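All remarks here apply to the structure that follows.
Lettering follows sequence order; numbering is per chain, from 1. Quick caveat: nothing in here was measured; it's all calculated off a predicted structure.
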2 protein chains.
Amino acid sequence: MTVADTNSWTGIREELLRRIVGRVWQPGEQIPHEADLAEEFGCARTTVNRALRDLAESGLVVRKRRAGTRVALNPPQKATLTIPVLREEVEALGRTYRHSLLERDLRPLPPMLHGAFQVPPDADVLYLKSLHFADDRPYAFEERYINLATVPGAQAASFEAISANEWLVQNAPYSHGDLAFFALSADDDLSAQLDAAPGTALFAMERITFAGEEPITHARLIFAPGYRMRTAI
Amino acid sequence: MTVADTNSWTGIREELLRRIVGRVWQPGEQIPHEADLAEEFGCARTTVNRALRDLAESGLVVRKRRAGTRVALNPPQKATLTIPVLREEVEALGRTYRHSLLERDLRPLPPMLHGAFQVPPDADVLYLKSLHFADDRPYAFEERYINLATVPGAQAASFEAISANEWLVQNAPYSHGDLAFFALSADDDLSAQLDAAPGTALFAMERITFAGEEPITHARLIFAPGYRMRTAI
DNA sequence: TAAGATAATATGCATGCACATATTTGCCTG
DNA sequence: CAGGCAAATATGTGCATGCATATTATCTTA
């Protein structure tokens with residue numbers, strides 16, 4: 001009858017998924033209780049629970065206590081994308097990674113970041129400007145501000161051997177943050193750094209991370225032309 | 001001693017997390033076995049297992065059978081981003097949504113997609129070109145190919161009242177797909193459609209979805225200037 | 001009749017146990 | 001010493017059960 005062996009929670013998940021995409025259970029419709037499903041599949045309720053939890057996590061079903069489980073009306077298209085450390089991303093492509101620090105100084109935080117990045121108005125932050133290479137070709141341009149109040153150790157770090165990104169993930173774990181992707185045109189500086197014609201459309205990523213309430217760092221990465229950020233859904 | 005109550009799996013997860021970010025357990029270091037942790041916390045091994053599974057899922061620890069659990073060397077930065085239905089995204093901004101279908105015809109699949117989108121070489125696919133508005137200002141431009149072999153019902157749908165995206169999520173659930181983000185320059189057509197100067201850098205998203213092995217649709221969305229895709233991490 | 005208290009119910013979570021599976025370690029043999 | 005087999009071990013998974021909790025339905029009371 002069913003092709004998947006239903007005596008493992010993944011098997012049960014596949015079968016449930018089959019019924020959902022096969023419209024055996026309509027969107028918005030309530031599906032049988034865990035207990036009923038457990039009886040049908042001849043397994044423990046725990047096992048059905050595991051399968052349903054997994055489906056709920058991916059957004060295909062919506063679960064509410066007492067109200068039961070129902071098929072999501074419009075399955076929210078969730079994608080988990082892993083933002084790799086650039087070095088690993090480049091090396092995974094079979095190319096050699098290298099980065100160079102272009103600028104490094106202490107300066108006040110630019111006004112543009114005052115809203116999102118709350119530091120005392122007179123405090124200086126560590127500014128870093130660097131370029132990441134893959135096989136000696138520019139791969140990404142990075143501008144970063146580091147809050148020395150939360151990461152005092154950054155002042156002593158050189159960031160020559162190890163990139164700021166890697167140094168931070170290893171020395172200043174964050175609790176949460178914000179991430180944004182957008183497009184921008186290469187200005188003259190970017191054009192020179194990334195070896196792109198002026199005005200070329202570039203893919204950019206901005207990230208702020210926090211440890212609790214304290215901002216750690218603000219980073220803007222601008223990738224060389226042709227970059228695509230991919231993921232599976 | 002510990003602030004979190006450790007008699008729930010989330011509490012145990014928090015405590016483990018605290019030890020990881022607090023460098024009680026160094027990156028790369030092996031942490032105690034499930035059984036030992038269970039004894040320490042005075043709970044069942046299952047409960048520890050649940051907490052560790054969760055941490056492994058978010059990439060903070062790496063688990064291997066027999067080899068044990070160790071703290072990830074460089075915690076991969078994972079972000080789950082939800083790709084909303086455009087109508088919902090626009091309405092969430094408090095603006096009114098509208099879309100218009102610019103073109104609709106049957107045509108052979110463009111050669112560029114032959115690799116990723118496997119349909120019989122002589123089969124026609126449904127091509128849709130449309131524009132999404134927020135408050136009567138262009139919000140995103142969409143080009144889409146629909147495989148009629150897997151979604152025959154699409155031929156009868158008008159896509160005037162309901163957008164292709166919404167129609168598809170409700171009528172052709174997908175099992176998996178690929179997603180890519182990138183930047184491109186506005187050509188003359190895009191420039192006119194999106195009310196942007198020619199050459200403006202635009203944020204674009206490409207998506208292919210499948211039902212099993214069968215491709216369902218290929219969509220390319222190009223957003224109006226200034227668009228930022230955000231998420232929390 | 002309306003509002004609040006109470007019971008019923010479905011899912012969420014925890015426990016203890018057993019067995020499966022993968023991987024390392026070390027022994028054993030040729 | 002090399003190669004391979006086997007035991008030890010840590011995690012992965014399943015099962016049966018009970019309690020916790022949130023939500024709905026029902027009953028009681030003013």
Side-chain angles (χ1 to χ4, degrees), chain A residues 2-17 19-20 24-73 75-76, chain B residues 2-17 19-20 24-73 75-76:
Chain A
T2 61
V3 282
D5 60 338
T6 48
N7 55 347
S8 80
W9 73 269
T10 47
I12 289 178
R13 183 191 56 189
E14 296 319 312
E15 171 59 15
L16 297 177
L17 196 142
R19 294 188 190 180
I20 291 170
V24 178
W25 293 325
Q26 299 286 327
E29 182 184 341
Q30 194 153 347
I31 74 176
H33 318 154
E34 292 187 351
D36 287 359
L37 289 170
E39 194 184 352
E40 178 192 340
F41 292 126
C43 69
R45 196 168 71 88
T46 317
T47 310
V48 173
N49 183 290
R50 185 106 164 71
L52 283 173
R53 248 194 300 131
D54 199 74
L55 289 174
E57 203 171 299
S58 66
L60 269 156
V61 300
V62 178
R63 316 194 73 191
K64 262 169 64 183
R65 284 196 171 171
R66 161 69 193 170
T69 303
R70 45 184 68 240
V71 180
L73 273 170
Chain B
T2 63
V3 282
D5 60 340
T6 48
N7 55 346
S8 80
W9 73 269
T10 48
I12 290 178
R13 184 191 54 189
E14 295 319 311
E15 171 58 16
L16 298 177
L17 196 143
R19 294 187 190 179
I20 291 169
V24 178
W25 292 325
Q26 298 288 327
E29 184 183 341
Q30 194 153 345
I31 74 175
H33 319 153
E34 292 187 351
D36 287 359
L37 290 169
E39 194 184 355
E40 178 191 338
F41 291 126
C43 69
R45 193 170 73 89
T46 316
T47 310
V48 174
N49 182 290
R50 186 111 162 70
L52 283 174
R53 247 195 300 134
D54 199 75
L55 289 174
E57 203 170 299
S58 66
L60 269 156
V61 300
V62 178
R63 318 194 71 193
K64 263 169 62 183
R65 285 194 173 170
R66 160 67 191 171
T69 303
R70 44 185 67 239
V71 180
L73 273 170

Nearest whole Å is fine: how far is C:dT23 P from B:His33 NE2? 17 Å
Side chain of A:Trp9 - closest among C:dG16, C:dG12, D:dG14: D:dG14
Verify the contact: side-chain N or O of B:Thr69 to OP1 or OP2 of D:dT11, cut-off strictly under 4.0 Å; return yes or no. yes
Please determine whether the number of non-hydrogen atoms from other residues, nucleotides or ligands lying under 6.0 Å from atom CD of A:Glu39 exceeds 12. no
List in chain and number order the residues that pass salt bridge (charged side-chain N to carboxylate O under 4.0 Å, His left out) with B:Arg70, two or more places apart in sequence or in another chain; answer none if no residue qualifies. none
By nearest atom, which of the nucleotides C:dT11, D:dG14, D:dC15 is closest to the A:Cys43 side chain? D:dC15
In this structure, how many angstroms lie between the C1' atom of C:dA10 and the CD atom of A:Glu39, rounded? 16 Å
Output all residues satisfying salt bridge (charged side-chain N to carboxylate O under 4.0 Å, His left out) with A:Arg13, sequence neighbours left out; order by chain, then residue number. A:Asp54
Do the charged groups of A:Glu57 and A:Arg53 touch, with an N to O distance under 4.0 Å? no
CH2/B:Trp9 to CG/B:Leu16 distance, rounded to the nearest 0.5 angstrom? 11.5 Å
Can you tell which of B:Thr47, B:Ile31, B:Leu60, B:Ile12 makes a side-chain contact (heavy atoms from CB on, under 4.5 Å) with B:Leu52? B:Ile31
Can you check the A:Leu37 CG to C:dG12 P distance for me, whole Å? 12 Å
With distance as the sole criterion, is a donor-acceptor pair present between the side chains of A:Arg45 and A:Asn49 under 3.5 Å? no
On the nucleotide D:dT13, are OP1 or OP2 found under 4.0 Å from the side-chain N or O atoms that A:Arg50 carries? yes
Could you tell me how far apart B:Arg63 (CZ) and C:dT23 (C1') are, to the nearest whole angstrom? 15 Å
Detail all sub-3.5 Å separations between protein N/O atoms and N/O atoms belonging to nucleotides 19-23 of chain D.
residue : atom : partner : partner atom : Å
D:dT21  : O4'  : A:Arg65 : NH1          : 2.9
D:dT21  : O3'  : A:Arg65 : NH1          : 3.3

Regarding the side chain of B:Glu34, the nearest nucleotide among D:dT11, D:dT17, C:dT15 is D:dT11
Judged by each residue's nearest nucleotide on DNA chain D, which is more toward the 5′ side, A:Ala44 or B:Leu52? B:Leu52
In whole angstroms, the gap separating P of D:dG12 from CG of A:Asp54 amounts to 15 Å
Whole angstrom value for the distance that separates P of C:dG12 from CD of A:Glu57: 12 Å
Length of the line joining A:Asn49:CG and D:dT13:P, which is rounded to integer Å: 15 Å
Can you check the B:Gln30 CD to C:dT23 C1' distance for me, whole Å? 12 Å
